[in-house]
Enquirer: 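I have a structure here, written as structure tokens, and I will follow up with some questions on it.
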Amino acid sequence: MNRAALLLFLALAGCTQFPELDAVVSSSAKSAAYPRLQPLDSVLARANASTTDPQAVRGNLAARVAALRARAARMRGPIIEPAIRARMNAALRRHSG
């Protein structure tokens, strides 16, 4: 792309009208107080003091994955069992003729 075309493109992009973003902020949001800032040290201390065992989390996730895969395998089967489908087809043949 040559330089003139790029400048023309940028000039046209500058003419774009942007939506009024101030109009979408509710009055309650405008009058709300600023959030309180927390010291980072206390937040990090709470995060590091977590008693979550990574091995337990992996085990729980592996169990959930196995259960979801088993459920997906069951869902791949026929929706109507073959015996019931045969009875339905027989009833259709009896009543269609």
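Computed from a predicted model, the values in this text were never measured in an experiment. Just the heavy atoms: all of them, side chains too, but no hydrogens, waters or symmetry mates, feed the values below.
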Enquirer: Are I84 and M88 packed together at the side-chain level, in the sense that at least one heavy-atom pair is separated by less than 4.5 angstrom?
Expert: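 Yes - at least one pair of side-chain heavy atoms lies under 4.5 Å apart.
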Enquirer: Name the atoms and distances for all side-chain donor-acceptor pairs under 3.5 Å in residues 53-65, with sequence neighbours left out.
Expert:
from	atom 1	to	atom 2	distance (Å)
D53	OD1	Q55	N	3.4
N60	ND2	A56	O	3.4

Enquirer: For R85, what residues pass the side-chain contact (heavy atoms from CB on, under 4.5 Å) criterion, not counting sequence neighbours?
Expert: I80, N89
Enquirer: Donor-acceptor pairs are to be reported for all side-chain atoms of residues 35-48 against protein atoms at under 3.5 Å, with residues two or more places apart or in another chain.
Expert:
from	atom 1	to	atom 2	distance (Å)
S42	OG	P39	O	3.0
N48	ND2	L44	O	3.3

Enquirer: Hey, what else clusters with L7 if you join Ile, Leu, Val, Met, Phe, Trp, Tyr whenever side-chain heavy atoms sit under 4.5 Å?
Expert: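 Besides L7, the hydrophobic cluster comprises nothing; the residue is isolated.
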Enquirer: Taking only residues two or more places apart in sequence or in another chain, which ones pass side chain to side chain donor-acceptor pair (under 3.5 Å) with S31?
Expert: none
Enquirer: Is it possible for you to say whether I79 and M75 belong to one hydrophobic cluster, with membership spreading through side-chain heavy-atom contacts below 4.5 Å?
Expert: no
Enquirer: Under the side-chain contact (heavy atoms from CB on, under 4.5 Å) test, which residues partner A73, sequence neighbours left out?
Expert: R76
